[in-house]
Amino acid sequence: MMRRVFVLLLFFSAVSVYAQKFEGLALTPPMGWNSWNHFGCAVNEALIMETADAMVESGMKDAGYLYVNIDDCWHGERDSLGFIHPHPGHFPSGMKALADYVHSRGLKLGLYSDAGWKTCAGRPGSRGYEYQDAMQYAKWGIDYLKYDWCGTEGLNARGAYLTMRDALYKAGRPIVFSICEWGNDNPWEWGADIGHLWRISGDIAPIFDGEEGHGSWSSWGVLQILDMRKGVRKYAGPDHWNDFDMMEVGNGMSTDEDRAHFSLWCMMASPLIAGNDLRIMSQTTLEILTNREAIAVNQDSPGIQGFKCYQKDHWEIWAKPLKDGNLALCFLNRGLNSVTVKIDWTEQVVKDDQFGHQYPFSEQVYSIRDLWAKQDIGTTEKAFKAKINSHDVILLRLEKK
Ligand code: GAL
């Protein structure tokens with residue numbers, strides 16, 4: 001008996017010292033901003049400071065946005081000892097000073113690197129420098145690392161991400177670890193012990209329904225990413241999320257499309273990382289990004305990813321089980337024409353076999369709230385009828401009466 005206890009103790013202490021990510025950093029999907037979708041390589045310290053200011057002053061911080069993430073191209077060179085430094089012209093005050101500034105605004109700072117020799121934009125990658133890079137990030141006060149997968153020929157994905165996870169842990173500063181491997185090697189199967197979120201797709205583009213070709217690769221529309229991976233929802237949950245990519249809200253789609261995109265990312269419990277220019281966004285963009293009731297659906301504590309529960313012609317219903325037996329429903333019109341939807345609740349049962357939830361509307365009455373109209377609109381005792389514009393949604397919250 002004593003021996004078994006001893007062996008168990010040894011096992012658990014070994015696990016906690018050697019094989020660990022920083023637990024509990026993303027109990028709900030991370031919220032923040034990332035430079036890539038709007039700015040690409042045009043990043044510098046003024047942009048990051050102004051973005052942090054805008055996040056606070058616009059009310060986004062109060063709505064839950066926390067991370068200000070610099071994507072590719074912040075890098076300068078490695079020094080003679082191998083330590084990486086930011087580009088001296090674009091980040092003249094250095095990363096520590098920038099992190100201090102972002103922290104002084106009550107926000108957190110994220111950086112980007114890559115498991116290969118070079119990042120996707122050809123900057124120095126972390127391969128062979130994992131522990132040094134992790135030490136440097138910890139010293140600077142970095143809070144979030146997105147770790148990309150370019151230039152990794154010959155590397156094993158799980159192994160490469162494991163190395164960086166261990167390097168971050170060893171460096172001692174809690175850092176959210178964002179696996180950006182595009183889903184090629186099924187990161188949902190191994191990512192939960194390694195990172196806090198993993199991309200399930202190639203890059204998003206500001207298109208609702210379509211694909212943008214770039215020669216050897218494509219970027220994807222909102223619907224394409226929504227549909228891309230069947231069967232991954234069971235892998236998502238608190239501290240380990242399917243990442244549907246950074247958002248394109250405010251980057252050129254129509255208002256209806258932006259609202260639908262945001263609602264779907266909320267329904268899928270995807271990280272909510274804005275990708276627009278926060279300094280000059282319109283009131284409409286801000287209202288979409290800060291819809292607190294939609295955000296509450298995304299941040300709901302059991303962290304259950306939504307699923308499609310009904311489909312008819314060009315429209316469908318997505319369901320997301322919420323805490324206390326409540327439910328979010330998103331009516332999505334994929335078509336190019338508006339559609340009138342009608343649901344007689346008492347004839348419907350929403351069933352989530354994966355997570356074991358059932359919503360028998362004939363036995364249990366729910367109140368209904370329209371989260372974009374911001375209105376209570378009755379109960380499930382009465383049939384629901386509504387018109388939905390092309391590429392738009394209706395987002396409802398149903399609560400047990
Ligand atoms: C891609 C990644 C994008 C962006 C870009 C930077 O691989 O999916 O989100 O980080 O690299 O070069």
Side-chain angles (χ1 to χ4, degrees), residues 29-44 47-48 51 67-76 84 86-87 90-91 109-127 133 137 142 144-153 155 157 160-161 164 175-188 191 195-207 211-222 224-226 228-229 232 241-252 261 265 268 270-277:
M31 294 176 65
W33 172 89
N34 174 294
S35 54
W36 184 256
N37 284 354
H38 190 86
F39 296 95
C41 272
V43 287
N44 58 60
L47 169 69
I48 301 308
T51 299
Y67 294 96
V68 177
N69 293 346
I70 316 174
D71 207 278
D72 209 343
C73 304
W74 59 266
H75 319 71
I84 187 73
H87 187 285
H90 300 154
F91 294 88
L109 184 64
L111 279 187
Y112 161 103
S113 189
D114 189 289
W117 302 114
K118 287 199 165 156
T119 71
C120 297
R123 305 308 196 267
S126 289
R127 184 168 184 184
D133 285 357
Y137 305 153
I142 300 304
Y144 186 113
L145 176 68
K146 172 175 165 185
Y147 203 50
D148 213 343
W149 191 238
C150 277
T152 53
E153 294 74 22
L155 284 186
Y161 283 93
M164 195 44 147
I175 290 184
V176 171
F177 191 31
S178 158
I179 298 172
C180 178
E181 183 269 356
W182 319 310
N184 300 350
D185 287 278
N186 301 356
W188 41 87
H196 302 90
L197 57 157
W198 50 81
R199 281 271 293 278
I200 59 160
S201 72
D203 291 8
I204 194 170
I207 316 172
E211 176 181 345
E212 204 173 86
H214 307 275
S216 59
W217 61 285
S218 287
S219 44
W220 307 100
V222 166
Q224 281 62 36
I225 295 180
L226 181 70
M228 194 170 288
R229 309 285 179 191
V232 301
W241 307 100
N242 285 318
D243 175 0
F244 285 65
D245 205 354
M246 301 147 335
M247 295 186 287
E248 293 283 15
V249 174
N251 279 345
H261 169 29
W265 266 224
M268 301 313 273
S270 176
L272 295 180
I273 308 291
N276 57 313
D277 187 344

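Only heavy atoms go into these numbers, but all of them, side chains included; no hydrogens, no water, no symmetry mates. Just so you know, ligand 1 is whichever comes first in the structure, and atom 1 is the first atom listed for that ligand.
With salt bridges taken as basic N to acidic carboxylate O contacts below 4.0 Å, none links Arg123 and Asp72.
The aromatic rings of Trp265 and His261 sit perpendicular to each other, their planes meeting at more than 60°, with 30° as the lower class boundary. Between Tyr161 and Tyr147, the ring-plane angle classifies as perpendicular under the 30° and 60° cut-offs. Ring pair Tyr144/Tyr67 is tilted by interplanar angle, where 30° to 60° counts as tilted.
Looking at residues two or more places apart in sequence or on another chain, you find a side chain to side chain contact (heavy atoms under 4.5 Å, CB included) between Arg127 and Trp117, Leu155.
For the residue pair Glu181 and Ala157, the shortest heavy atom distance occurs at OE2-CB, 4.1 Å.
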N/O pairs closer than 3.5 Å, ligand 1 and protein:
unit_1	atom_1	unit_2	atom_2	d
ligand 1	7 (O)	Asp148	OD1	3.1
ligand 1	7 (O)	Asp148	OD2	2.8
ligand 1	7 (O)	Trp182	NE1	3.2
ligand 1	8 (O)	Trp182	NE1	3.2
ligand 1	8 (O)	Arg199	NH1	3.3
ligand 1	8 (O)	Arg199	NH2	2.9
ligand 1	8 (O)	Asp203	OD1	2.4
ligand 1	9 (O)	Lys146	NZ	2.7
ligand 1	9 (O)	Arg199	NH1	3.2
ligand 1	10 (O)	Asp71	OD1	2.6
ligand 1	10 (O)	Asp71	OD2	3.3
ligand 1	10 (O)	Lys146	NZ	3.0
ligand 1	11 (O)	Asp148	OD2	2.8
ligand 1	12 (O)	Asp72	OD2	2.8

